[in-house]
Number of protein chains: 2
Amino acid sequence: MEDYSVLYSYFEKINKRQLSVEEKLEIASVFRKEHFKKKELVMSAGDTNTRHYYIEKGLLRMFIIDQSGKEFNVLFAKEYQWLGDLGTPAETSYFIEALENSSVFSVDEEGFSKIIGYYMDLADNIRKSYIFLQKRFVSILSKTAEENYEDLIGQNPDLVQRLPQYHISSYLGVTPVFLSKILAKRAKKNTK
Amino acid sequence: MEDYSVLYSYFEKINKRQLSVEEKLEIASVFRKEHFKKKELVMSAGDTNTRHYYIEKGLLRMFIIDQSGKEFNVLFAKEYQWLGDLGTPAETSYFIEALENSSVFSVDEEGFSKIIGYYMDLADNIRKSYIFLQKRFVSILSKTAEENYEDLIGQNPDLVQRLPQYHISSYLGVTPVFLSKILAKRAKKNTK
DNA sequence: CAGAAAAAATAAACTAGTTTAAGAAAAACA
DNA sequence: TGTTTTTCTTAAACTAGTTTATTTTTTCTG
């Protein structure tokens, strides 16, 4: 029997009270625990009815592949964060890949609305994602790659540690080569 | 007495039935009809409890001003479209400005949830905005400004007519000078 | 319709970021 | 632990896009 305690804790936290045995049973009945190995694909463009994932452990990325075949990282998600295509059940244009061996609780759209609806405002959830993306959008367009890197390291120092550089560069919208240049410049500054 | 017929039609359309007199009265009681002259500011960064706008006539832009003082157009909205900061009631970081003399129906967050809730799924609305923004984000990062211009003209030919070039350039994330270059190149191609 | 103001075009010098390629360092693995 | 694979660095030539400034064109207004 899989351990659902992290998931229960999550709901107890947002709900600010203990869960009853019945509630736990219901949660366990709609969520499925899944394990993904590093490099394993969780979902692919073209999939319909994609699931939502609450991450127990690990690190994943959501990305797209554009017409020219280039990958572009839209976002990263780690322990205790949600990840999924909010556009479901429509056909997704995103891929999700595990960057570390990860364990997640997954739920389909139906279960998501049902269970999440009890505890949190779904609209509010999407709203937050929207606001996050808007900020990221403006930031990437209005700042230089160097400034955006500084912001990222300021806000998510651990992510920078855990991710290979070429994933960060893709997140920042620049080539790995250019990010490497930025880092070289940065390193020089810091020794001086 | 202001004319609310465009607003009623909107609700009748999404609702797929006629509205009763009582329903119309309720709508009229929560929505306020407002007129904005070209260049007039509808909302400003720092405002809280911003309103939602359903546009009867005209064209507006939502934009931010970054740290360096540069403006950046996030989106345009015209007749029969909704516009507003989905993050309300929190302090907004956006400005909205009328680009043409415009008339709109405005409603506060409370009225929005109340009335809109009857007819449409609010979450779904935000979800759509989110998906739109995600597409735009990826498109701007993965394509050249020239490709993005072609996309825009393909999808919104009228907008390109109605907007001054420098607003389009800001929407595309480039300078007006560079957009002008793109257009010159385009014009040459089309005469050849 | 003239004059003023706003918007667009053009030019030239510049910089942020790309591309390709090759070697160095680090990580994974057997 | 040595070997293979993956990741990172560096270099050099290039391109997309910026900046500043000037001129031309278009739009607005009295």
Side-chain angles (χ1 to χ4, degrees), chain A residues 37-40 59 61 63 66-73 76 97-101 138-153 159-191, chain B residues 37-40 58-59 61 63 66-73 76 97-101 139-153 159-191:
Chain A
K37 289 206 196 112
K38 189 171 170 170
K39 297 201 179 179
E40 200 173 342
L59 179 61
R61 69 178 175 124
F63 65 103
D66 73 10
Q67 297 92 327
S68 73
K70 244 184 296 179
E71 290 186 10
F72 179 78
N73 289 331
F76 302 112
E97 182 198 54
L99 295 172
E100 299 175 356
N101 294 335
V138 165
S139 167
I140 287 212
L141 264 169
S142 68
K143 298 186 189 176
T144 64
E146 197 173 348
E147 289 170 317
N148 285 316
Y149 180 81
E150 293 299 339
D151 288 356
L152 180 65
I153 218 170
L159 229 56
V160 176
Q161 292 309 314
R162 288 165 75 176
L163 288 167
Q165 261 180 47
Y166 60 87
H167 278 323
I168 295 177
S169 68
S170 159
Y171 183 77
L172 297 177
V174 296
T175 57
V177 177
F178 191 63
L179 179 56
S180 177
K181 263 194 214 168
I182 290 174
L183 294 183
K185 197 172 141 198
R186 229 177 93 93
K188 218 193 312 183
K189 244 183 225 164
N190 291 338
T191 41
Chain B
K37 289 205 196 113
K38 189 171 173 172
K39 298 204 178 176
E40 199 173 343
L59 179 60
R61 69 179 177 124
F63 65 103
D66 73 10
Q67 298 91 327
S68 72
K70 242 184 296 177
E71 290 186 9
F72 178 78
N73 289 331
F76 302 111
E97 182 199 57
L99 296 171
E100 299 176 357
N101 294 334
S139 167
I140 287 213
L141 264 170
S142 69
K143 299 186 189 176
T144 64
E146 195 174 349
E147 289 170 318
N148 285 316
Y149 181 81
E150 293 299 339
D151 288 356
L152 180 66
I153 217 172
L159 228 56
V160 177
Q161 292 310 313
R162 287 164 75 176
L163 288 167
Q165 260 180 50
Y166 61 87
H167 278 324
I168 295 177
S169 68
S170 160
Y171 184 77
L172 297 177
V174 296
T175 56
V177 176
F178 192 63
L179 179 56
S180 176
K181 263 194 212 168
I182 291 174
L183 294 183
K185 197 172 140 196
R186 228 177 93 94
K188 216 194 311 181
K189 243 183 224 162
N190 291 337
T191 39

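Chain naming here is simple, since letters A, B, ... match the order of the sequence lines and numbering starts at 1 in each. Hydrogens, waters and symmetry mates play no part in the numbers below; they use all other heavy atoms, side chains included.
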Rounded to the Å, how far apart are A/L179 CG and D/dT7 P?
14 Å
Between B/A184 and B/Y166, whichever has its closest DNA chain C nucleotide further toward 5' is B/Y166
Salt-bridge test for A/E150 and A/K143: reply yes if a basic N is under 4.0 Å from a carboxylate O, no otherwise.
no
Roughly how many Å is it from CZ in A/R186 to C1' in D/dT9, rounded to a whole number?
17 Å
Does the A/N101 side chain pair with the main chain of A/K38, one donor and one acceptor, at a distance under 3.5 Å?
yes
For the side chain of B/V174, starting at C-beta, report the closest nucleotide among C/dT10, D/dG17, D/dC28.
D/dG17
Rounded to the nearest Å, what distance is computed from the NZ atom of residue B/K143 to the P atom of nucleotide D/dA16?
17 Å
Using OP1 and OP2 only, check whether a side-chain N or O of A/T175 sits under 4.0 Å from C/dT18.
yes
Does some side-chain heavy atom of A/L59 sit less than 4.5 Å from a side-chain heavy atom of A/L159?
yes
When the distance from CG of B/L183 to P of C/dA8 is rounded to whole Å, what number comes out?
10 Å
Nearest-angstrom distance from the residue atom CD1 of A/I168 to C1' of D/dC8:
12 Å
Length of the CZ-C1' vector between B/F178 and C/dT10, whole Å:
14 Å
Option passing side chain to side chain contact (heavy atoms under 4.5 Å, CB included) with A/L163 (candidates A/N73, A/I168, A/L152)
A/I168
So, is A/K181 close to the C/dA16 phosphate, meaning a side-chain N or O under 4.0 Å from OP1 or OP2?
no
Taken to the nearest whole Å, NE2/B/H167 to P/C/dA6 is 13 Å
What is the distance from CG of B/L99 to P of C/dA7, rounded to the nearest Å?
10 Å
Among C/dT10, C/dA7, C/dA21, which nucleotide sits nearest the side chain of B/V177?
C/dT10
Verify the contact: side-chain N or O of B/Q165 to OP1 or OP2 of D/dT26, cut-off strictly under 4.0 Å; return yes or no.
no
Between B/N148 (side chain) and B/L172 (backbone), is there a donor-acceptor pair under 3.5 Å?
no
Need to verify one output field. Residue with the more 5' nearest nucleotide on DNA chain D, B/I182 or B/K38?
B/I182
